[in-house]
There are 2 protein chains.
Amino acid sequence: MNGPTQRRITIKEVAEAAGVGVATVSRVLSGGSASAETREKVLAAAARLDYRPSALGRNLRRQRTGGIGLLVPDITDSFYARLTDGVLSCARSYGEPVTVGVTGDDPEREAELIGTLIEQSMDRLIAVPSGDGEMWAPALRAGLNVVFADRRVRADVPSVVPDDRAGVLTAVEYLAGLGHRKIAYLGRHGQSQRVAAFTAAIASLGLPDDGDLVVHARASRDSAYAAAAGLLQHRPDVTAVIAGGNVLGEAAVLAARELDVRIPRDVSLIMFDDVPWAELCSPPLTVIAQPAQDIGYRAAELVLRHGRRPPAVTLPTQLVVRASCGPIVKTSRR
Amino acid sequence: MNGPTQRRITIKEVAEAAGVGVATVSRVLSGGSASAETREKVLAAAARLDYRPSALGRNLRRQRTGGIGLLVPDITDSFYARLTDGVLSCARSYGEPVTVGVTGDDPEREAELIGTLIEQSMDRLIAVPSGDGEMWAPALRAGLNVVFADRRVRADVPSVVPDDRAGVLTAVEYLAGLGHRKIAYLGRHGQSQRVAAFTAAIASLGLPDDGDLVVHARASRDSAYAAAAGLLQHRPDVTAVIAGGNVLGEAAVLAARELDVRIPRDVSLIMFDDVPWAELCSPPLTVIAQPAQDIGYRAAELVLRHGRRPPAVTLPTQLVVRASCGPIVKTSRR
DNA sequence: AATCATGGTGGAATCGTTTCCATGAACGGT
DNA sequence: ACCGTTCATGGAAACGATTCCACCATGATT
């Protein structure tokens, strides 16, 4: 009840105002051929009426919808926030709107969100996939133009991922160089790539792999804390932990503090993903930096350009040494 | 070139498969009246064909578009990420897609994004407004259903904001209680509400207000750092700083460290917005916690319900005392 | 001079859905 | 037995854009 909310003006009215047919208006505005005189008239009328073509009408006619969908596990996680920022940044330069959904690493919610996007006739989608590759078969069959980000779960879908193998290897080598032999990986579900890289790295360096050195958490902070605390409590023999993300790193620091495990004296910690607060933390955290924003940007480029899509883009990571890793002191703690 | 990308099935095909007219299909699927028999047939056909109504067609017909737009200054900022999470969480329960845009606190970019949203026929918008209220006149006249979040720049637009006045007052009182008299506010553009509350609080406590105790930064981390460093360098007389957001707080800690200003011995710091790392920081940061997620959720509710919209919702903040504020030692530092 | 190529232009079909309206059947009341 | 009411149903219009196609005028070619 706050105003007469003026009706949207259509191409028909512009045509009338310019004294031409609707086809001509459409042609002029789409850069088609027209005489200089009519072009002038149409442009003037459009400007005068502040005409904005309706994306609805356009998209209905041409079957292809503009806009791109983006599915991330958790927008609250700095890594995915930065990835999102990269996508938005690229999309903005193309003038394409981005619809964002949060999956919480739950395949069911993911499927539901995909359904919503398909209903909107979105045909371009960037996703950090939650489940395994099978789940994506229907979406792909539906003609969805999908690009995976951060994780690669199908070989037939283009993806932009950090160089997990190199990152993990760097981390493990660094820790091994400090004398650590019992190194644990604290990851979240869906990081099969990294876990594989981890066990491979352990094996290649001849370190013992006596079973459950890999612990998984779900997307929430609570779950991350529980996993970290469990690891520190039940495995007093591990002397170094690799956290597979900033939420997990945060949880590890918190849990260590709570359990009176000192970093790096009692256990060394190295965290995937460099975040601003890693430097502010006490102790400042040694991290494997990941180009989160670039990942998003490149994924958006891929999904927008759409032509000649390379199977995979791998972006380098970087070890940033701060103060959360130290040489091993004597034996295992406690 | 990766498949025959099957054509989307339409209501017409469902009608044909069910042996009824399109109108009947539409009616059944929208919950209109129909005989049990036909309802059965239609539902069966729709399920068999995996029919999904096209939002494009629907939205074109009914002039009201589903979906809501969300405009935030910086998705990388934990506060806005959490706010966004709240919006997405609420929107998901309504099955409404959310289109997100990043304004960077730039009114021009904001206007551009609004234009894009209008083109998409979005009629519902949640925004953290960058500019002043005037800028919103065209959007409102266009029939946009707007709700402001975090900042209130117009009285005639519903908004959901934290209780800035109480938050600032609490912070100032707490610092004054510790003996501080020269307190600075480090804010970002668009926080006029808080700055007003700050000067009011200063005045009400009888503290000196000798001019430029308020410093502004833009949305970027660089700008925040510059502002914080400038403040600490040029005003050795201030003994306490209130940072108006987590990015500003982070910048303040960083700048203090760089300039060898110790917290809380040399200056006390209190930060708006509680973030997970505030506890991990050295020293742990005393903060004014803001219900970022709730703000987003409530804003989404407001924009979705749409009826009887209250003029404003104010959500409480909370002082969380940690270790970044201390009593004043002697005189001004240095 | 008659015909053909050219290029600007507008009418009309189309996209997929909702909704108005007319139709026809069934049924109950007088 | 006839008429009026109710109800399910399907045809068709409408939403706003793009695009095919026919049309006409002009200029060039034979």
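Given the structure is predicted, the values throughout are model-derived calculations rather than measurements. Convention: sequence-line order gives letters A, B, ...; per-chain numbering from 1. Only heavy atoms go into these numbers, but all of them, side chains included; no hydrogens, no water, no symmetry mates.
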Check: Does any N or O donor sit under 3.5 Å from an N or O acceptor when you compare the side chain of R52(A) with the base of dG16(D)?
Finding: no
Margin query: For the CD atom on E119(A), are there more than 12 heavy atoms of other groups (residues, nucleotides or ligands in this structure) within a distance under 6.0 Å?
Written below: yes
Margin query: Need one value for S26(B): base, sugar-phosphate or nothing, where a base atom within 4.0 Å counts as base even if backbone is also close, heavy atoms only.
Written below: base
Next item on the list: Kindly say if T10(B) contacts the phosphate of dC15(C), meaning a side-chain N or O under 4.0 Å from OP1 or OP2.
Entry: no
Checklist line | Nearest to side-chain heavy atoms of Q63(B), which nucleotide of dT17(C), dC15(D), dA17(D) | finding: dC15(D)
Next item on the list: Would you classify R39(A) as touching base, sugar-phosphate or nothing, given that sugar-phosphate means primed atoms plus P, OP1 and OP2, and contacts are heavy atoms under 4.0 Å?
Entry: nothing
Check: L140(A) versus V157(A): any side-chain heavy-atom pair under 4.5 Å?
Finding: yes
Next item on the list: Tell me which of S33(B) and A23(A) sits closer to the 5' end of DNA chain D, going by the nucleotide each one is nearest to.
Entry: S33(B)
Next item on the list: Give the rounded distance in Å between these two atoms: CD of E13(A) and P of dG16(D).
Entry: 8 Å
Margin query: Nearest heavy atom decides the nucleotide; on that basis, is V25(B) or S30(A) closer to the 5' end of DNA chain D?
Written below: V25(B)
Check: Does T24(B) have a side-chain nitrogen or oxygen under 4.0 Å from the phosphate oxygens OP1 or OP2 of dT9(D)?
Finding: no
Note to self: Counting only side-chain nitrogens and oxygens, does S35(B) get under 4.0 Å of the OP1 or OP2 atom of dT9(D)?
What the structure shows: yes
Checklist line | Selected nucleotide, minimal atom distance to S54(A) side chain, candidates dG16(C), dT18(C), dG16(D) | finding: dG16(D)
Notebook entry, point to check: Between atom CG in L60(B) and atom C1' in dG16(D), what is the gap in whole Å?
Noted result: 6 Å
Check: More than 12 heavy atoms of other residues, nucleotides or ligands under 6.0 Å from CD of E96(B): is that the case?
Finding: yes
Check: Any N or O donor-acceptor pair linking the side chain of R61(B) to the base of dT17(C) at under 3.5 Å?
Finding: no
Notebook entry, point to check: For R298(B), does the CZ atom have more than 12 heavy-atom neighbours from other residues, nucleotides or ligands under 6.0 Å away?
Noted result: no
Check: Are more than 12 heavy atoms from other residues, nucleotides or ligands located less than 6.0 Å from atom CZ of R218(A)?
Finding: no
Note to self: So if I take every side-chain heavy atom of R27(B) and compare against dG10(C), dA17(D), dT9(D), which nucleotide ends up nearest?
What the structure shows: dT9(D)
Notebook entry, point to check: Does a nitrogen or oxygen in the side chain of R58(B) sit under 4.0 Å from OP1 or OP2 of dT18(C)?
Noted result: yes
Margin query: Just to be sure I understand the rule, does G21(A) reach a base, reach only the sugar-phosphate, or reach nothing, if contact means heavy atoms closer than 4.0 Å?
Written below: sugar-phosphate
